[in-house]
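Numbers here simply count residues along the sequence, with the first being 1.
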Amino acid sequence: MSPDPDRFLSDLHHLRSFGAEGAGVMRRAFSGPDIAAREWLVARIGEIGLTPHVDPAGNVFGLTDGPSLLIGSHSDTQPEGGWLDGAYGVIAGLEIARTAAGSGGPSISLVSFQDEEGRFGALTGSDLWAGRTTLAEADRYTDTDGASFADARHGLSHLMQEDFVDPGRFTGFLEAHIEQGPVLDASAEGVGVVTSIVGLRQLQITVTGQQNHAGTTPMHMRRDAFQGAARVATLLNERFTNIVTPQSVWTIGHIRLHPNASSIVPGRAIFTIQWRDGETDRLDRMERIIEDVLTEVARETGLRIDAGRLRNDLAPVPMDEGIQAALRAAADRHAQGRWRTMPSGALHDASNVSHLMPVGMLFVPSIGGISHSFDEDTAEADLVLGLRVLADAAEALAPS
């Protein structure tokens, strides 16, 4: 198969127009721009001769008849997102499926999963499709503004069908994505064949102290919830030192203070702790350290500290060896000496799809390692290179 790079780039830039904000994109799941983008994709699917199917979660499929290889990613973005995150894999799937259909080539379907970026929880659309969460459970999810998944998905009700696509019709799943990290760009390499996706766990921590006057409460009498949260963050950095690797990461990325006023000692702090690693044992050890730190800070400060798990844990996921072999062979043909094998430190829908079928992933460079930012970008030559490698591998893997 020979995908058309100009047609591919044209579609990719057109998808960028939905929710465009300067160089970036604001296209959160079920927002106006997201709904418009999915309407456009449904129309494109029909134009290339595939059957569109929008399931109750908002996942958009373009289906061939009979068994097929599935290619895709997601098209929703972070609140302030880059134009390629997820979108690259969706449009690569569209172009390869169109090329296959137009040339009488192998059987290839495509998908754009919904809410990968976590407005209602990470990987929501693929989580539902994989059966790891029920629709009834997901409908109770709310975003940070209190909107429910149930209400939000009504925005796509005019496109939705009542059933989910049967995963048994697919022989495997390929997902192309920008790296979202600095490795390929720093080494001037054009392609990364993904070996595994890291596991992720996340807790929401609530520190409860005593709300009081910021001017009249002596420091030694304060029960400052924020100081408790800061102490937790400091101790975690110290205690993780001896068990983590350079690939281990942990983040306190969201915090809310109550009542969040400059002249009031905060009585409550709510924050998240997220940690990722490629080994389940290390994730377990990091969790035990977190538990010990929370207990220690509560004992030292007299603050009450409660922890609750956010969504399901995501275990480390190895990529299918047969799919990796096809991607490596294609990379050798198109990017000889300019590709590598590598793990993914970011989560992807392939994590959930791996519970249904063999999966594989391909990375292209992120300039400067930047992602989840308006500054996210990739050279067009690298976007096209990744498309060609993916198409070659798809031709080898898809049923004829």
Checking side chain to side chain donor-acceptor pair (under 3.5 Å) for the pair S73/E175: CA distance, chi angles, key distance, verdict? CA-CA 6 Å; S73 189; E175 182 171 8; 2.7 Å; yes

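- Crowding of F164 atom CZ: a count of heavy atoms from other residues, nucleotides or ligands under 6.0 Å exceeding 12.
- Donor-acceptor pairing under 3.5 Å is lacking for the side chains of H74 and D349.
- Between the side chains of S371 and S366, no donor-acceptor pair is found at a separation under 3.5 Å.
- One side chain, E39 or H158, offers a donor N or O that lies under 3.5 Å from an acceptor on the other.
- For CD of Q336, the number of neighbouring non-hydrogen atoms (other residues, nucleotides, ligands) closer than 6.0 Å is 12 at most.
- Atoms CG and CD1, on D377 and I370 in that order, are 9.5 Å from each other to the nearest 0.5 Å.
- Judged by distance alone, the side chains of H13 and E380 do bring a donor and an acceptor atom under 3.5 Å apart.
- The main-chain N or O of G125 is found under 3.5 Å from a side-chain atom of N59 such that the two form a donor-acceptor pair.
- Linking Ile, Leu, Val, Met, Phe, Trp and Tyr residues whenever their side-chain heavy atoms come within less than 4.5 Å leaves I270 and I205 in two separate clusters.
- No donor-acceptor pair closer than 3.5 Å links the side chain of T217 to the backbone N or O of A214.
- Under 3.5 Å, the side chains of Q161 and H53 contain a donor-acceptor pair of N or O atoms.
- Side-chain atoms of H177 and D85 form a donor-acceptor pair, as typed in the model, at a separation below 3.5 Å.
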Kindly determine whether F61 and W129 satisfy ring pair (Phe, Tyr, Trp, His ring centres under 6.0 Å), including the steps that lead there. CA-CA 12 Å; F61 289 83; W129 187 54; 5.2 Å; yes

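- L200 and F240 sit in two unconnected hydrophobic clusters of ILVMFWY residues. Membership requires side-chain heavy atoms under 4.5 Å apart, directly or through other members.
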Do D127 and T133 pass the side chain to side chain donor-acceptor pair (under 3.5 Å) test, and can you show the C-alpha distance, the side-chain angles, and the key distance before you say yes or no? CA-CA 6 Å; D127 204 46; T133 300; 2.4 Å; yes

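- Here the CZ-OH distance, from F8 to Y88, works out to 5.0 Å after rounding to the nearest 0.5 Å.
- Atom CG of L347 is separated from atom CD of E116 by 7.5 Å, given to the nearest 0.5 angstrom.
- Residue I305 holds its CD1 atom at 10.5 Å from CZ of R299, rounded to the nearest 0.5 Å.
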Residues F113, H348; criterion ring pair (Phe, Tyr, Trp, His ring centres under 6.0 Å); working and verdict: CA-CA 10 Å; F113 288 112; H348 301 284; over 10 Å; no

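- Under 3.5 Å, the side chains of Q114 and R38 contain a donor-acceptor pair of N or O atoms.
- There is no side-chain donor-acceptor pair under 3.5 Å between N212 and R222.
- When the shell of 6.0 Å around CZ of R304 is examined, it contains 12 or fewer heavy atoms from other residues, nucleotides or ligands.
- No donor-acceptor contact under 3.5 angstrom links the side chains of Q274 and T251, judged on distance only.
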Trace of the side chain to side chain donor-acceptor pair (under 3.5 Å) decision for S75 with S112: CA-CA 6 Å; S75 54; S112 175; 2.8 Å; yes

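- The distance from atom CD of E95 to atom CG of L387, rounded to the nearest 0.5 Å, is 6.0 Å.
- No more than 12 heavy atoms of other residues, nucleotides or ligands sit less than 6.0 Å from atom CG of D65.
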Going through the checks in order, is the salt bridge (charged side-chain N to carboxylate O under 4.0 Å, His left out) test met by E117 and R27? CA-CA 10 Å; E117 294 292 5; R27 193 168 58 233; over 6 Å; no

